[in-house]
Amino acid sequence: MNVKILGKGCSKCKMLERNVLEALKELNIDAEVQKVTDLDKILEYNVMMTPALVINEKVKFYGRVATVDEIKKLIMQEKTE
């Protein structure tokens, strides 16, 4: 599983990263987590607001910080697809 956090490094981006790492830890899932800070690369995902979460190259949401529980649900959905 590949997880990307899109954002320039603002406090919301950092909070999303913490929540993603916590969700992965609680689910005991080993995933590659990448931070994408390059604006051109972020725009390739058609994301106009950050932070954004991408799982297996699918944008799951953008413009807000998801809770740990929300992220866990998105990860489990992606695992079953």
Enquirer: Please answer: with hydrophobic residues joined when any side-chain heavy atoms are less than 4.5 Å apart, are Phe61 and Leu27 in the same cluster?
Expert: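 Yes, because Phe61 and Leu27 connect within a single hydrophobic cluster, where side-chain heavy atoms sit under 4.5 Å apart.
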Enquirer: What are the two closest non-hydrogen atoms of Ile42 and Gly7, and how far apart are they?
Expert: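 Of all heavy-atom pairs spanning Ile42 and Gly7, the closest is CD1-N, 3.6 Å.
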Enquirer: If you take all heavy atoms of Ala52 and Val47, which pair is closest and at what distance?
Expert: CB-CG1, 3.8 Å
Enquirer: May I have all residue pairs that pass side chain to side chain donor-acceptor pair (under 3.5 Å) and include part of residues 14-30, sequence neighbours excluded?
Expert: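 Counting only pairs at least two positions apart or across chains, the side chain to side chain donor-acceptor pair (under 3.5 Å) contacts touching residues 14-30 are Glu26-Lys72.
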Enquirer: State whether the side chain of Lys8 and the backbone N or O of Thr37 hold a donor-acceptor pair below 3.5 Å, judged by distance alone.
Expert: yes
Enquirer: When rounded to the nearest 0.5 angstrom, what is the spacing between CD1 in Ile29 and CE in Met76?
Expert: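 Ile29 atom CD1 to Met76 atom CE measures 5.5 Å (nearest 0.5 Å).
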Enquirer: Do you reckon Leu39 sits in the same ILVMFWY cluster as Met49, going by side-chain contacts under 4.5 Å, direct or chained?
Expert: no
Enquirer: Look up atom OG1 in Thr50 and atom CG in Leu16, then write down how far apart they are to the nearest 0.5 Å.
Expert: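 The CG atom of Leu16 is 10.0 Å from OG1 of Thr50, to the nearest 0.5 Å.
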Enquirer: Can you name the closest pair of heavy atoms from Cys13 and Leu6 and give their distance?
Expert: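 Heavy-atom minimum between the residues: SG-O, 4.3 Å.
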Enquirer: Mind checking who shares a hydrophobic cluster with Val68, ILVMFWY linked at side-chain heavy-atom distances under 4.5 Å?
Expert: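 Cluster partners of Val68: none, it stands alone.
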Enquirer: Among the clusters formed by ILVMFWY side chains lying less than 4.5 Å apart, do Val36 and Leu43 turn up in the same one?
Expert: no
Enquirer: Quick check on Lys60: does its NZ atom have over 12 non-hydrogen neighbours (other residues, nucleotides or ligands) under 6.0 Å away?
Expert: yes
Enquirer: How long is the span from the CG atom in Leu74 to the CG atom in Asn56, to the nearest 0.5 Å?
Expert: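 Reported value, rounded in 0.5 Å steps: 11.5 Å.
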Enquirer: Would a hydrophobic clustering, with Ile, Leu, Val, Met, Phe, Trp and Tyr connected at side-chain separations under 4.5 Å, put Leu21 with Ile71?
Expert: yes
Enquirer: Working to the nearest 0.5 angstrom, can you tell me the gap between Ile55 CD1 and Asn2 CG?
Expert: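 Between atom CD1 of Ile55 and atom CG of Asn2 there are 10.0 Å.
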Enquirer: Rounded to the nearest 0.5 Å, how far does NZ of Lys41 lie from CD of Gln34?
Expert: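 The NZ atom of Lys41 is 10.0 Å from CD of Gln34, to the nearest 0.5 Å.
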Enquirer: Please enumerate all residues that pass salt bridge (Lys or Arg N to Asp or Glu O under 4.0 Å) together with Glu57, with sequence neighbours excluded.
Expert: Lys4
Enquirer: Got a sec: does the CE of Met1 have more than 12 other heavy atoms crowding it under 6.0 Å?
Expert: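 It does: Met1 CE has more than 12 such atoms within range.
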Enquirer: Check whether Leu24 and Val54 end up in the same hydrophobic cluster, where Ile, Leu, Val, Met, Phe, Trp and Tyr are linked by side-chain heavy atoms less than 4.5 Å apart.
Expert: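 No, Leu24 and Val54 fall in different hydrophobic clusters.
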Enquirer: Any non-hydrogen side-chain atom of Lys58 less than 4.5 Å from a side-chain atom of Gln77?
Expert: no
Enquirer: Does Tyr62, at its OH atom, have more than 12 non-hydrogen atoms belonging to other residues, nucleotides or ligands within less than 6.0 Å?
Expert: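 No, not enclosed.
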Enquirer: Search all heavy atoms of Val65 against all heavy atoms of Pro51 and return the closest pair with its distance.
Expert: CG2-CG, 4.1 Å
Enquirer: Does the side chain to side chain contact (heavy atoms under 4.5 Å, CB included) test come out yes or no for Asn46 and Val59, once each step is laid out?
Expert: CA-CA 9 Å; Asn46 293 319; Val59 176; over 6 Å; no
